[in-house]
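What follows is one structure encoded as structure tokens, with my remarks underneath.
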Amino acid sequence: MTTAVVDQIVVLFNQHGNSQYGGEAVSQVEHALQSALLASNAGLDAAEVVAALLHDIGHLLHHLPDDAPEQGIDDHHEDLGAAWLARHLIPEAVEPVRLHVAAKRYLCAVEADYYSRLSGPSITSLELQGGPMSPAETHDFERNPHHRAAVTLRRFDEQAKIPGLATPRIEDFAPLLGQCLLERTL
Ligand SMILES: [Fe+2]
């Protein structure tokens with residue numbers, strides 16, 4: 001199945017996905033495809049694989065520089081991406097995207113060694129994003145029905161930074177994207 005929205009997402013990655021993934025050793029499209037592959041290999045459902053694929057789409061929608069965090073700028077890409085996706089995709093594919101930054105702040109608060117395993121760029125952006133959650137914030141986060149999916153996505157996000165890893169192409173995920181479209185966009 002292909003629709004205008006799926007085509008638009010594929011074009012977005014093909015046109016802008018070769019930009020650097022925020023100081024990491026992979027491009028935006030490599031990072032997205034590795035995240036989706038990890039989710040797929042873990043046997044997750046279509047919405048979770050699509051969320052993994054699209055979690056950083058906000059980076060492709062703004063015109064800030066790749067090194068915005070190094071310049072002290074929080075691009076709020078999770079909100080930008082989720083707002084765009086919510087017009088087209090089911091909540092199960094959108095909400096983990098909205099929460100994936102919050103999930104990093106959450107994991108840094110509840111897992112003793114999580115912070116120490118973050119990459120340098122991820123630590124830089126964490127500070128701009130508010131740092132580890134307070135106890136009250138972790139409590140609120142756990143009440144969100146999508147928080148577990150966001151935490152699972154976050155773990156893949158952290159791993160999906162392997163230079164040269166072979167993955168499927170963005171076009172290969174079109175059928176899964178099609179499964180996550182809102183009824184009215186079909
Ligand atoms: Fe990411």
Side-chain angles (χ1 to χ4, degrees), residues 9-10 12-14 16-42 44 47-71 73-86 89 92-108 111 114-133 141 146-165 167-170 173 176-177 180:
I9 289 170
V10 170
L12 202 53
F13 273 96
N14 285 337
H16 303 290
N18 285 326
S19 56
Q20 201 64 16
Y21 175 52
E24 306 284 359
V26 291
S27 67
Q28 290 286 351
V29 69
E30 287 171 325
H31 177 63
L33 293 170
Q34 289 184 22
S35 298
L37 182 61
L38 287 164
S40 177
N41 287 346
L44 300 188
E48 288 178 284
V49 175
V50 165
L53 180 72
L54 301 179
H55 75 275
D56 279 334
I57 198 168
H59 285 308
L60 308 184
L61 297 168
H62 65 56
H63 301 290
L64 293 169
D66 296 342
D67 66 345
E70 281 70 39
Q71 298 183 35
I73 301 167
D74 180 1
D75 63 7
H76 298 284
H77 70 284
E78 69 280 19
D79 294 326
L80 192 62
W84 192 87
L85 294 172
L89 303 183
E92 291 77 9
V94 176
E95 295 312 310
V97 175
R98 192 187 312 282
L99 296 174
H100 82 277
V101 169
K104 176 171 67 168
R105 297 184 57 224
Y106 172 79
L107 284 164
C108 286
E111 287 190 4
Y114 199 84
Y115 181 91
S116 67
R117 287 187 278 115
L118 291 177
S119 65
S122 204
I123 289 173
T124 301
S125 57
L126 174 69
E127 298 313 318
L128 294 170
Q129 291 155 346
M133 283 184 173
F141 182 73
H146 299 283
H147 87 276
R148 286 184 202 284
V151 165
T152 300
L153 164 52
R154 186 73 222 185
R155 295 188 196 280
F156 296 141
D157 187 0
E158 246 51 270
Q159 295 170 47
K161 303 172 181 179
I162 304 165
L165 186 77
T167 65
R169 301 165 309 147
I170 182 75
F173 289 99
L176 282 185
L177 281 164
C180 296

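All figures in this text were calculated on a predicted structure; none of them were measured in a lab. Numbering of ligands and ligand atoms starts at 1, following listing order.
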| Does a side-chain N-to-carboxylate-O contact under 4.0 Å join Glu95 and Arg98? | yes
| task | Taking all heavy atoms of Lys161 and all of Ser119, pick out the closest pair and write down the distance. | result | NZ-OG, 3.3 Å
| request: Taking 2.8 Å as the upper limit, name the protein N, O or S atoms near the Fe ion (ligand 1). | output: Tyr21 OH, His31 NE2, His55 NE2, Asp56 OD2, Asp157 OD1
| request: Please say which of His100, His31, Arg154, His77 ends up in a side chain to side chain donor-acceptor pair (under 3.5 Å) with His55. | output: His31
| message | Classify the ring geometry of Tyr106 against Phe141: parallel below 30°, tilted from 30° to 60°, perpendicular beyond 60°. | response | tilted
| message | Closer than 4.0 angstrom, basic N to acidic O: yes or no for Lys104 and Glu78? | response | no
| message | Around atom CZ of Arg148, are there more than 12 heavy atoms from other residues, nucleotides or ligands closer than 6.0 Å? | response | no
